[in-house]
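To keep things clear, I will list the structure first and then write my remarks on it.
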Amino acid sequence: MQAAIQLRDTGRLQEARNLLTTALSIAPGNSDLHILLGTVHEASGSVSEAIDCYRQGLAGGGQNVSFGTVRLATCLAKINDYPQATVLLADLLEQDPHNVSLHQLAANIYVAMKQHGRAVPHLQKALELKPDLQTMEALAQALDQHGQHEQARAAFEQALAKGANRPATLCHLANLELAGGKLDAARNYLDKALDADPNFPHAHMMLANYADIDPADGLQPALAALQHLKQSAAPEEQFPPLHFAIARHYEKQKSYDAAFEHLVQGNDIRATAHSDPTRALCDAFDAHIAAFTPDRLDRNSPTTSPSRQFVFVFGLPRSGTTLIEQILASHPQAASVGELGALEWIGRYLTHPDPNRAKRAADQYLAAIPTALHAAPCIVDKTLNAYLVIGAILAMFPQARFVNCRRHPLDTAISMYSQLFAEGAVAFTSRLDRIAGYYRLYEHAMDHWDRVLPGRVLHVRYEDLVTNPEANARTLVSHAGLDWDPACLDFHKQANTVRTASAVQVRQSVYTTSVSRWRRYETHLDTLKDSLSDLITSYEQAAC
């Protein structure tokens with residue numbers, strides 16, 4: 001075994017695999033050998049094979065049961081089988097409740113499940129057992145996501161007092177205030193972040209999104225920060241926030257060519273870090289619609305009380321989904337879970353319309369909803385790519401309603417291209433050709449659902465919504481099964497939390513200045529216009 005461990009640890013994985021396979025042919029009942037082979041498969045990226053080995057090893061007992069169980073739980077999480085992973089960890093924690101690593105792993109899995117409320121006690125226990133700043137900030141973020149904003153603020157402030165990365169933590173606090181609509185408080189934290197480090201990229205980027213920032217005041221500090229990072233040989237991945245901030249300032253000055261140049265530079269760096277996910281998503285969607293056929297969906301039975309309504313808002317990033325979500329969430333009978341994210345893994349976990357698994361998935365989804373929102377008769381979930389898993393949603397909630405926000409293809413594309421999304425998120429936005437490919441996937445998906453589920457999806461055009469808000473808001477509210485309430489037109493005055501790239505804009509009343517924004521960059525979009533010409537023509541003709 002020691003020889004196999006040495007081979008594994010030095011990266012000679014095939015040799016380790018061969019040695020362990022030979023050993024198991026001699027001693028097939030040796031549990032520890034199975035678990036060790038599992039670690040080799042895991043190290044080589046063969047997660048399914050690793051899971052098989054861990055299960056064989058655990059079935060026979062042995063000295064490494066706890067270790068094997070941890071590795072099995074970790075691998076199950078990698079394939080989105082979070083429910084089984086949490087069951088395994090619960091058993092281990094019952095036996096060893098003071099194990100910091102187990103609490104941290106459990107917290108990480110619950111965060112991945114978007115069940116931040118269940119992550120909180122594990123992070124609190126880990127912090128009690130072994131205080132460190134990373135766990136303290138993880139706790140603050142989990143508290144914030146679970147709706148415990150004052151506790152989150154206290155945890156972030158405590159992290160600052162303990163010596164956390166000051167500008168980064170100040171930006172976390174700014175995000176917390178920004179999500180709650182407290183723009184002045186957020187601005188104050190950003191100013192403090194730049195006082196602590198005038199070159200901190202994310203503070204510059206966040207400030208650039210404020211409408212009242214004079215580009216003359218914001219541009220030169222951002223350019224100076226970029227120059228400083230380049231001269232200090234900082235890693236290139238630190239540059240994109242500054243490129244996006246500079247582009248925003250140039251756009252405010254109507255220097256659109258200069259703005260686009262920085263968008264290209266920032267996005268080119270991002271594009272090298274992440275591959276295009278569109279092909280894999282296409283394959284996953286085709287498998288999804290093969291499993292969730294109209295005939296199978298017709299046989300679905302409710303998994304939750306019919307007294308609660310679920311409305312799923314989706315569309316491409318930057319298409320106006322936040323505006324739609326906030327209009328609906330402003331209704332007294334509705335509550336928004338924002339970009340909950342639970343569908344991201346549930347859609348992959350629920351791969352066929354099995355009633356028992358659908359019930360478990362529905363329970364997991366409900367557990368991800370913050371406790372404070374449980375009493376709302378109508379739950380609004382804005383998951384951008386929910387249209388890829390409508391079958392899974394209907395298996396969980398057969399009475400669910402859907403709203404698709406559409407926007408001119410070129411406006412959508414340039415808005416995505418000029419937005420720095422969270423690391424690893426929507427990786428296709430970093431290249432215009434990737435955006436075009438993903439747009440076609442989106443159209444393919446919507447064509448399918450409109451064909452097999454006619455009338456189930458309400459399509460709302462962003463341009464119509466901002467030019468005639470009341471009529472379209474009334475249609476939205478009616479589709480959600482709610483009576484009209486004038487509060488839906490005062491969404492920008494609501495005190496709810498918004499975690500989205502549109503957090504600043506949604507605090508303003510409806511405006512039309514983003515319509516036809518693409519024309520500012522028209523000279524740079526010829527290839528994109530050619531690749532989407534049929535979809536552009538179709539969209540424009542439908543407006544007539």
Side-chain angles (χ1 to χ4, degrees), residues 86 89 93 97-197 200-203 205-207 241 335-342 367-374 422-425 495-500 503-504:
T86 57
L89 287 175
L93 280 165
H98 301 295
N99 189 311
V100 174
S101 296
L102 288 179
H103 282 290
Q104 289 174 331
L105 178 57
N108 290 340
I109 291 176
Y110 281 126
V111 167
M113 296 173 74
K114 309 302 178 184
Q115 295 184 13
H116 297 92
R118 298 178 73 177
V120 165
H122 289 289
L123 290 167
Q124 290 172 329
K125 187 64 177 179
L127 199 58
E128 174 191 324
L129 293 168
K130 185 182 178 183
D132 67 66
L133 288 172
Q134 185 176 358
T135 304
M136 193 177 295
E137 290 208 319
L139 172 60
Q141 293 179 56
L143 287 165
D144 181 27
Q145 291 291 335
H146 192 55
Q148 297 174 269
H149 306 306
E150 291 306 315
Q151 296 92 323
R153 183 181 289 103
F156 277 128
E157 294 285 5
Q158 185 181 4
L160 274 178
K162 295 289 186 180
N165 183 339
R166 185 169 177 78
T169 307
L170 287 164
C171 282
H172 278 307
L173 281 161
N175 264 323
L176 176 64
E177 302 292 5
L178 192 62
K182 299 177 181 177
L183 305 190
D184 291 340
R187 174 77 175 273
N188 183 50
Y189 279 122
L190 293 176
D191 288 339
K192 288 182 178 179
L194 287 174
D195 286 342
D197 181 359
F200 194 69
H202 283 277
M205 184 188 69
M206 292 174 69
L207 273 173
S336 174
V337 295
E339 297 184 13
L340 184 64
I369 296 175
T371 306
L373 305 182
H374 281 188
E423 185 66 23
N496 55 338
T497 299
V498 181
R499 277 176 179 73
T500 167
V504 174

Minimum heavy-atom distance between [X] and [Y], given as atom pair plus value:
X      : Y      : answer
Ala186 : Ala174 : CB-O, 3.4 Å
Met136 : Ala155 : CG-O, 4.0 Å
Ala126 : Val100 : CB-CG1, 4.2 Å
Cys171 : Leu190 : SG-CD2, 4.0 Å
Ala368 : Leu340 : O-CD1, 3.4 Å
Ala342 : Lys114 : N-CG, 3.4 Å

Discussion item. Closer than 4.0 angstrom, basic N to acidic O: yes or no for Arg153 and Glu177?
Written reply: yes
Taking the side chain as every heavy atom from C-beta outward, state whether [X] and [Y] have any pair of such atoms under 4.5 Å apart.
X      : Y      : answer
His116 : Tyr110 : no
Met113 : Thr86  : yes
Leu160 : Leu173 : yes

Item to complete: Mark yes when over 12 heavy atoms from residues, nucleotides or ligands other than His146 sit less than 6.0 Å from its NE2; otherwise mark no.
Response: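 Check passes, neighbour count above 12.
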Item to complete: Look at the side chain of His103 and the backbone N and O of Gln124, then say whether any donor-acceptor pair between them is shorter than 3.5 Å.
Response: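 Not a single qualifying donor-acceptor pair exists.
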Practice prompt. May I ask you to decide if Ile369's main-chain N or O and His374's side chain share a donor-acceptor pair within less than 3.5 Å?
Written response: yes
Discussion item. Going by the rule ring-ring contact (aromatic ring centres under 6.0 Å, His included), which residues pair with Tyr189 if we only count those two or more places apart in sequence or in a different chain?
Written reply: none
Discussion item. Applying ring-ring contact (aromatic ring centres under 6.0 Å, His included) as the test, list every pair that has at least one member in residues 158-184; sequence neighbours left out.
Written reply: Phe156-His172
Can you list, pair by pair, the side-chain donor-acceptor contacts under 3.5 Å of residues 128-135, counting residues two or more places apart and other chains?
residue	atom	partner	partner atom	Å
Glu128	OE2	Lys125	NZ	3.3
Asp132	OD1	Gln134	N	3.1
Asp132	OD1	Thr135	N	2.7
Asp132	OD1	Thr135	OG1	3.0
Asp132	OD2	Thr135	OG1	3.1
Thr135	OG1	Gln104	NE2	3.3

